[in-house]
Trainee: 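Pasting a structure below so you can have a look.
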Amino acid sequence: VRTRRGLTERHRKIIAYLNERISTGYPPSIREIGEAVGITSTSVVTYYLKQLTEMGMIERDAKFSRAVRLTDPISRDLVKIPILGPIAAGEPMLVPSPGASYLGIGNEMDAVDVARSLLPSGEKNSELFALKVKGESMIDAMINDGDIIIMKPVIKANNGEMVAIWLPNRDETTLKYFYKEKDRYRLQPANPTMGPILIDKSEPLEIKGKVVMV
């Protein structure tokens, strides 16, 4: 499924990886790009790079493996989003320590640079935050262990939205699809090998953020 401006999630991952590598001054090879975004075929990586070139997102010389760079509008117009820590995408993970921040993930530890054009239009970029995924319960939503998700702070969610959820009685957080049912909340993974987490409505549950980008 293509996203805004014709970009798929895989396009976004390639651009994010190029941002990361080019900022170090050494562009990646086609094979390295494939390994970073989960593509085993170099010809498929080349296909995506060709599409990004046609979109004007990158410039490259096909004769050289590492001759790729982001176009100026992308490379100059970056938004720094703080990575606040980890969030579980499996069974809910225990909060590391008492007195931590509202998601139980401690203080800001790092940041990720994201091209402004890749972020949803109309969002207040200063309010966005990032979390690093741990676990594989959302793999069918193209969110893998180690991925970084960009979150928008919210306290309410519609059925089917992917949100970060805080369970105060359990001292735990989790990343799941949210569903409000008659007598309970259903926290649904995107992995057919895992069952949902069912929360009785008598148990407190707090929605802390909605995923806007991977």
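Starting from 1, each residue takes its place in the sequence as its number. All values derive from a computational prediction rather than experimental measurement.
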Trainee: With heavy-atom distances below 4.5 Å as the criterion, would you say the side chains of Ile30 and Thr46 are in contact?
Mentor: yes

Trainee: Check Lys13 with Asp147, please: is the shortest side-chain N to carboxylate O separation under 4.0 Å?
Mentor: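 A salt bridge is present here (some side-chain N lies under 4.0 Å from a carboxylate O).
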
Trainee: Give, for atom CD1 of Ile83 and atom CD1 of Ile150, the distance between the pair rounded to the nearest 0.5 Å.
Mentor: 7.5 Å

Trainee: When you compare the side chain of Asp145 with that of Glu136, does any pair of heavy atoms fall below 4.5 Å?
Mentor: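 A side-chain contact under 4.5 Å exists here.
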
Trainee: I'd like to know if Val214 and Met142 are part of one continuous hydrophobic network [Ile/Leu/Val/Met/Phe/Trp/Tyr, side-chain heavy atoms within less than 4.5 Å].
Mentor: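 Shared cluster, no.
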
Trainee: What closest approach, in Å, do Ala164 and Leu175 show between heavy atoms, and which atom pair accounts for it?
Mentor: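 Minimum heavy-atom contact is N-CD1, 4.3 Å.
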
Trainee: Please determine whether the number of non-hydrogen atoms from other residues, nucleotides or ligands lying under 6.0 Å from atom NZ of Lys201 exceeds 12.
Mentor: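 Buried by this count: over 12 neighbours within 6.0 Å.
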
Trainee: Kindly work out whether a path of hydrophobic side-chain contacts (I/L/V/M/F/W/Y, heavy atoms less than 4.5 Å apart) joins Leu167 to Ile207.
Mentor: yes

Trainee: Within this structure, what is the CH2-CD distance for the pair Trp166 and Glu206, rounded to the nearest 0.5 Å?
Mentor: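 Reported to 0.5 Å precision, the distance equals 8.0 Å.
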
Trainee: Going by heavy atoms in the side chains, are Ser137 and Lys176 under 4.5 Å from each other?
Mentor: yes

Trainee: What pair of heavy atoms forms the shortest contact from Pro28 to Glu32, and how long is it?
Mentor: CA-OE1, 3.3 Å

Trainee: Quick one: do Arg31 and Glu35 make a salt bridge, cutoff under 4.0 Å?
Mentor: no

Trainee: Is the shortest heavy-atom distance from the side chain of Ile87 to the side chain of Ile149 under 4.5 Å?
Mentor: yes

Trainee: What's the spacing between Ile14 CD1 and Asn19 CG if we round to 0.5 Å?
Mentor: 12.5 Å

Trainee: Verify the cluster assignment for Leu84 and Met162: are they in a single hydrophobic cluster under the rule of side-chain heavy atoms below 4.5 Å apart?
Mentor: yes

Trainee: Decide yes or no on ring pair (Phe, Tyr, Trp, His ring centres under 6.0 Å) for Tyr185 and Phe178, but give the supporting numbers first.
Mentor: CA-CA 7 Å; Tyr185 300 104; Phe178 173 81; 5.7 Å; yes

Trainee: Hey, what do you get for CZ (Arg186) to CG (Leu198), rounding to the nearest 0.5 Å?
Mentor: 8.0 Å

Trainee: Rounded at 0.5 Å granularity, tell me how far CD1 in Ile58 sits from NZ in Lys50.
Mentor: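 Reported value, rounded in 0.5 Å steps: 11.5 Å.
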
Trainee: In terms of hydrophobic clustering (I, L, V, M, F, W, Y; side-chain heavy atoms under 4.5 Å; direct or indirect links), are Val154 and Leu187 co-clustered?
Mentor: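 Yes, Val154 and Leu187 fall within the same hydrophobic cluster.
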
Trainee: Let me see the working for Gln188 and Tyr179 under side chain to side chain contact (heavy atoms under 4.5 Å, CB included), right down to the final yes or no.
Mentor: CA-CA 8 Å; Gln188 185 69 42; Tyr179 292 93; 3.9 Å; yes

Trainee: Does the side chain of Glu127 reach to within under 4.5 Å of the side chain of Lys152, using non-hydrogen atoms?
Mentor: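 No, side chains not in contact.
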
Trainee: Report the residues that fulfil side-chain hydrogen bond (donor to acceptor under 3.5 Å, both in side chains) with Asp200, sequence neighbours left out, ordered by chain and then residue number.
Mentor: Ser202

Trainee: Taking Glu203 first and then Arg170, would you say they form a salt bridge - that is, a charged N and a carboxylate O separated by under 4.0 Å?
Mentor: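 Between Arg170 and Glu203 there is a salt bridge, with a charged N closer than 4.0 Å to a carboxylate O.
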
Trainee: Determine, using the 4.5 Å side-chain heavy-atom cutoff (strictly less than), whether Met138 and Phe129 are members of one ILVMFWY cluster.
Mentor: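 Both belong to a single hydrophobic cluster.
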
